[in-house]
Structures are given as structure tokens and as C-alpha cells.
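Read the structure below first, then the notes.
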Number of protein chains: 2
Amino acid sequence: MAEPKQERAVKTREAILYAAAEIFDEYGYSGASVSKIMNRAGVTQGGMYFHFKSKRSLAQAVMASQQDFVNFPMGEAGLQRVIDLTFHLARELQENVLVRASIRLAVEQGEFGMQDDTVYREWADRLYTYLRAARERGELLPEVDEREFANVLVGAYSGTQLYSQVSTGRADLPERVASLWHYLLPGITPPHVRAKLRTGHRRSGVAA
Amino acid sequence: MAEPKQERAVKTREAILYAAAEIFDEYGYSGASVSKIMNRAGVTQGGMYFHFKSKRSLAQAVMASQQDFVNFPMGEAGLQRVIDLTFHLARELQENVLVRASIRLAVEQGEFGMQDDTVYREWADRLYTYLRAARERGELLPEVDEREFANVLVGAYSGTQLYSQVSTGRADLPERVASLWHYLLPGITPPHVRAKLRTGHRRSGVAA
């Protein structure tokens, strides 16, 4: 039995997105081309242009798929989930080319004339939801504004992974994320909650 | 009386650097070219190649000049100086094309195949010096590792300015920096010190 047309189109689009992410990760935006992506995905020119008209629209779609590329097995709820997500993302950045490419495009988009904060806002929205749950569980200090802190965390995390990328190719990213939490947690959660949170190992001599 | 040769060479190099920063800010790395920079600086091909052999070496030099481009009138010492520097840099990013270009190149360097953390480390070194002074003035909590926090701050700040850039063209950067400090300060300084620090206005409804 033949696949329904729509289902086939969805699969083709997915194959193109994955191929595009791989090519952008390998060559950067300027080095990538629609034909390289077509070849990698094994689609025809017709198939490509049905879904994407340009390299730019491919880059936009790859950036927008960031959250789909990240497969986060949500464990505990509340503040621990926020922390776990940052460490999970650190590992994904080390190991998953699709995540890496989509974040690289988001960071370097200025170089190809884009200015689109959708990806950043989507992460902030997700963190906001988790932080609301943390608030309901009584884990946040009264002076924490969940929306504001979600934005602070997205910004701080973006730069942390960037600095780690240029320093060590992201080898030390988990330690850097642990350090970030070491200095952020006292500002958002009371000591008795903090004592129970797992935040990984920092690189400095001081114990976490 | 003719200028000594060496002095003239220093001035030419400076003129080239400024022109390069302006061109990179205007066109991005891929859109910039050595000839555009030569024309802007008003130097001959010989003058250019005496100092810089390629667009890449120009970009590296612009990145490396970041701290020279930032004219920071150091006021108070200690932790307030660390905070003041972050707000000063926020204004410089809004108004000074040279600073903007050098930071843009540092952030987007992956796109043109570079991976150089010199700029990040130089800022971390400078902040470390200020933080040591803050430590000597008794402004830091015992659990603060000055070297580690300098690195955390450089990473967090880099991402904060990046997120602000794609969101609002950096119009809201000062408020975002104020928010960052709101959540970082409790982790590094005791309440009686914090009460005396000036950290600007946050965007959220909560008072700073």
C-alpha cells in the first residue's frame, strides 16, 4: 500500500532538515549550499523546492527545529528539571550534530544578515513553564520573577556554551554549567532547597 | 619636520584597524574585503600588506583590539567597578561601532573557521584583577572563586548581549545586565555589601 501523500511529504521535509543541519554543522552557513543539502538528503530539486526555496529558509527551519532535535527525558519536576535540562543540553551540544548546528546558526545568524530571536524565546518559554512549577512547589525565593529569570538563564547559558566552544570545543561545558549554577542558585532558591539539588561538578578547586 | 618612520607605521596600523572595524560592523565578515578596508583607511596596497596580509588577520587584530576600543573611566574600586564595567560595555556596544564589530567577530568567528578564545580570556583576566581587589576589600563571600566567577561572568555576559542583540538590537541591554546582576549578586556578596551597590534598572515589575 502506498504511503499517503501528506505523510511522505512530512518524511521528506524531515530528511531535508536533518541533512541541512549536518551540512551547516560541517561547512558553516557560508560554506553550505542547497545542492549539498539536496545530495545529502537524497531528494530531487523538485522535492527540495516544494519545501524550501533558499539556503536562508533552510537555516531558519533548522534553527526553529532546535527543540525537536533535543530529546529531553523529563525526570523530576521543579527546579531540578530546569537544572537537568541545562546539563542534558550540554551533552547534546557535545554529541548531537543537529542540536549543534541549530545553535550555531542561531548564534552566528548576524553573519548572514538575520536577526531572529524565536529560538531564544522558545527556550525562555519552556524554562518559564518549569520555573512556574518550581514556584508552585515553593522552591523559589519571593524576589524571583520567573519570566525575567528564564530570560537571564537563556542569555547566560548561550554565552557559556559559546565561551566553552571557542575555548575547548565544548569539552568543559558541563563544568562551566555547574559553575554557572553555583553562582545563580543563591539568588533564586533558599538554602534548604539548594542543599537537595544536584548541579554537577565545577572545574575550580572548590567543592560543588 | 618629518615624522619618525616608526610613529607613522603605528598611526597607519591604527587607521587600518579602525577602518576594518567599521567595515566588519557594516558588512559582516563575509561581506567585508581587504580592498574596502584599504579604501576606508585611505592606505595604499603596500601600506596594507606591510601590516596585514589577509582579511582573516585583520579580523583577528580587530578582535584583539577590543579592550583598546573600550574607553572605561574607572571610578570606584572593588565589586562596584566590576558592575560599572558591565554597564559601560553595554553602552559602548550600543554606541561604539569599533566595540560592536570586535565583539561581533568574536561571537561569529565559527562562521569563518576560527576558534580563538583570546578575547574572552582577556576580559576574564581583567575581571579577575577587579575581583581580587573586591576580595581584599572583604566584599566577596568565602565560597567565591574569583577566577571561576570571572569566567562565569564573561560567558553569561556574552550571551546576554547576544540575546539582547537579536531581540532588540541591544536597546534593552542595560536592563538585561541589571537583571543578570540581580540573580548573580546573592551568590557572590553578603547582603550588607549588596545593599550599597548600584546595579541599574531591571525591566521586570520588581524593583532593583
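Proteins come first, then strands; the chains are lettered A, B, ... in the order of their sequence lines, and each starts at number 1.
When the candidates Asn151(A), Val119(A), Thr118(A) are compared by the number of heavy-atom contacts under 4.5 Å with chain B, Asn151(A) comes out ahead. Chain B forms the most heavy-atom pairs under 4.5 Å with one residue out of Phe112(A), Tyr120(A), Tyr27(A), and that residue is Tyr120(A). Contacts with chain A were tallied for Leu180(B), Asp116(B), Val107(B); Val107(B) has the most, counting heavy-atom pairs under 4.5 Å. Contact count versus chain B (heavy atoms, under 4.5 Å) is highest, among Ser158(A), Ser30(A), Gly113(A), for Ser30(A). The residue among Arg121(B), Gln115(B), Arg176(B) with the most heavy atom pairs within less than 4.5 Å of chain A is Gln115(B). With chain A as partner, the option from Ala106(B), Ala156(B), Ala124(B) having the largest number of non-hydrogen pairs under 4.5 angstrom is Ala156(B).
For the pair Arg104(A) (side chain) and Gly110(B) (backbone), a donor-acceptor distance under 3.5 Å is present. Checked by atom type and distance alone, the side chain of His182(B) pairs as donor or acceptor with a backbone atom of Glu143(A) at under 3.5 Å.
Heavy atoms only, all atoms of each residue included: Ser179(A) and Glu148(B) are closest at OG-OE2, 2.5 Å.
Proximity of Glu108(A) to Gln109(B): side-chain heavy atoms (C-beta onward) are nowhere separated by under 4.5 Å.
For residues 160-172 of chain A, the interface with chain B (any heavy-atom pair closer than 4.5 Å) comprises Thr160(A), Leu162(A), Tyr163(A), Gln165(A), Val166(A), Ser167(A), Thr168(A), Gly169(A), sorted by residue number.
Neither the backbone nor the side chain of Arg147(B) comes within contact range of chain A, judged by heavy atoms closer than 4.5 Å.
The 12-atom threshold is not exceeded at CZ of Phe50(A), counting heavy atoms of other residues, nucleotides or ligands nearer than 6.0 Å.
Evaluated for a side-chain contact (heavy atoms from CB on, under 4.5 Å) with Tyr183(A), the options Asp145(B), Leu153(B), Leu185(B) yield exactly one hit, Asp145(B).
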